[in-house]
J.: 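First the structure, then my questions, so here it is.
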Amino acid sequence: MARYTSLYKSVAPSTNVKEFLFNMLRSCDFDVIYDREDYLFAREVPGSVGYSKLVTVEVLIDQPLAVPTQSDTELQMNFVVKNEELPLKVDNHCRQKFNLVHEAVISNEMLQSVCAA
């Protein structure tokens, strides 16, 4: 199973971040199929690759604490991009989709990349 993760911080209000995430995932050819306050699940639109290569994206959103602090508006988001394909090549389909999502996220100035692996 191919799996790539990245961590981002946002200084925008959570409502703006959710809207951005929906639009960003759609632009990367993903459909959001599950949405909760602190979790998004999207899958690649079928048709361009085989079923085992279809990529899913999970976004885990850490909401700020109830106690007001200096970083009260900072959200941390953990992206997990994965599929059932064995990563036999460095440049596999899942890695390409991860790179596409990563580029879409860092091109927005309200998000900062903390870590990508």
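Along the sequence shown, the residues carry numbers beginning at 1.
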J.: Do the side chains of V59 and Y39 get nearer than 4.5 Å, heavy atoms only?
T.: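 A side-chain contact under 4.5 Å is absent here.
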
J.: Quick check: closest heavy atoms across E85 and C94, and the distance to 0.1 Å?
T.: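 Answer, listing the atom of E85 first, then C94: OE1-N, 3.7 Å.
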
J.: What distance do R95 atom CZ and N99 atom CG have between them, rounded to the nearest 0.5 Å?
T.: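 CG of N99 is found 5.0 Å from CZ of R95.
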
J.: Work out which heavy atom in L54 is nearest to a heavy atom in N83; give both atom names and the distance.
T.: O-CB, 3.1 Å

J.: Could you tell me if the ring centre of F41 sits under 6.0 Å from that of Y34?
T.: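 No: the rings miss the under 6.0 Å criterion.
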
J.: In Å, rounded to the nearest 0.5 Å, how long is the span from CG of L7 to CE of M77?
T.: 9.0 Å

J.: Where is the tightest heavy-atom contact between K18 and E37, given as atom of each residue plus distance?
T.: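 K18 and E37 have their closest heavy atoms at CE-O, 3.6 Å.
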
J.: Do K53 and E44 meet the salt-bridge criterion of a basic N to acidic O distance under 4.0 Å?
T.: no

J.: Just wondering, do H93 and V55 contact through their side chains at under 4.5 Å, heavy atoms?
T.: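 When only atoms from C-beta onward are counted, H93 and V55 do touch, with a gap below 4.5 Å.
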
J.: Are L86 and M1 side-chain neighbours, meaning at least one heavy-atom pair lies under 4.5 Å?
T.: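 Not in contact.
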
J.: State the CD1-CZ distance between I61 and F79, to the nearest 0.5 angstrom.
T.: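 I61 CD1 to F79 CZ: 8.0 Å, rounded to 0.5 Å.
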
J.: Can you give me the closest heavy-atom contact between N78 and S6, atom names plus distance?
T.: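 Distance-wise, the nearest heavy atoms are OD1-O, 3.1 Å.
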
J.: Kindly work out whether a path of hydrophobic side-chain contacts (I/L/V/M/F/W/Y, heavy atoms less than 4.5 Å apart) joins V80 to L25.
T.: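 The answer is no; the residues belong to distinct hydrophobic clusters.
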
J.: Would you please classify the geometry between the Y8 ring and the H102 ring as parallel, tilted or perpendicular, with 30° and 60° separating the classes?
T.: tilted

J.: Would you mind reporting whether K82 and E58 have side-chain heavy atoms less than 4.5 Å apart?
T.: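 Yes, side chains in contact.
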
J.: How many angstroms lie between atom CG of D62 and atom CG of L60, to the nearest 0.5 angstrom?
T.: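 Rounded to the nearest 0.5 Å, the CG-CG separation comes to 7.5 Å.
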
J.: Using side chain to side chain contact (heavy atoms under 4.5 Å, CB included) as the criterion, point out the one residue from L40, T56, V45, V57 that pairs with F30.
T.: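 Between F30 and the candidates, side chain to side chain contact (heavy atoms under 4.5 Å, CB included) is satisfied uniquely by V57.
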
J.: With the side chain counted from C-beta on, respond yes when M24 and V101 share a heavy-atom pair under 4.5 Å apart, and no when they do not.
T.: yes

J.: Once rounded to the nearest 0.5 Å, what's the spacing between atom OG of S27 and atom CZ of F20?
T.: 8.0 Å

J.: Considering all heavy atoms of both residues, which atom of C28 and which atom of K97 are nearest to each other, and what is their separation?
T.: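 Looking at all heavy atoms of both residues, the shortest contact is O-NZ, 3.1 Å.
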
J.: Check whether V32 and F98 end up in the same hydrophobic cluster, where Ile, Leu, Val, Met, Phe, Trp and Tyr are linked by side-chain heavy atoms less than 4.5 Å apart.
T.: yes

J.: Indicate the atoms forming the closest heavy-atom contact of N92 with A2, along with that distance.
T.: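 It is OD1-CB, 4.4 Å.
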
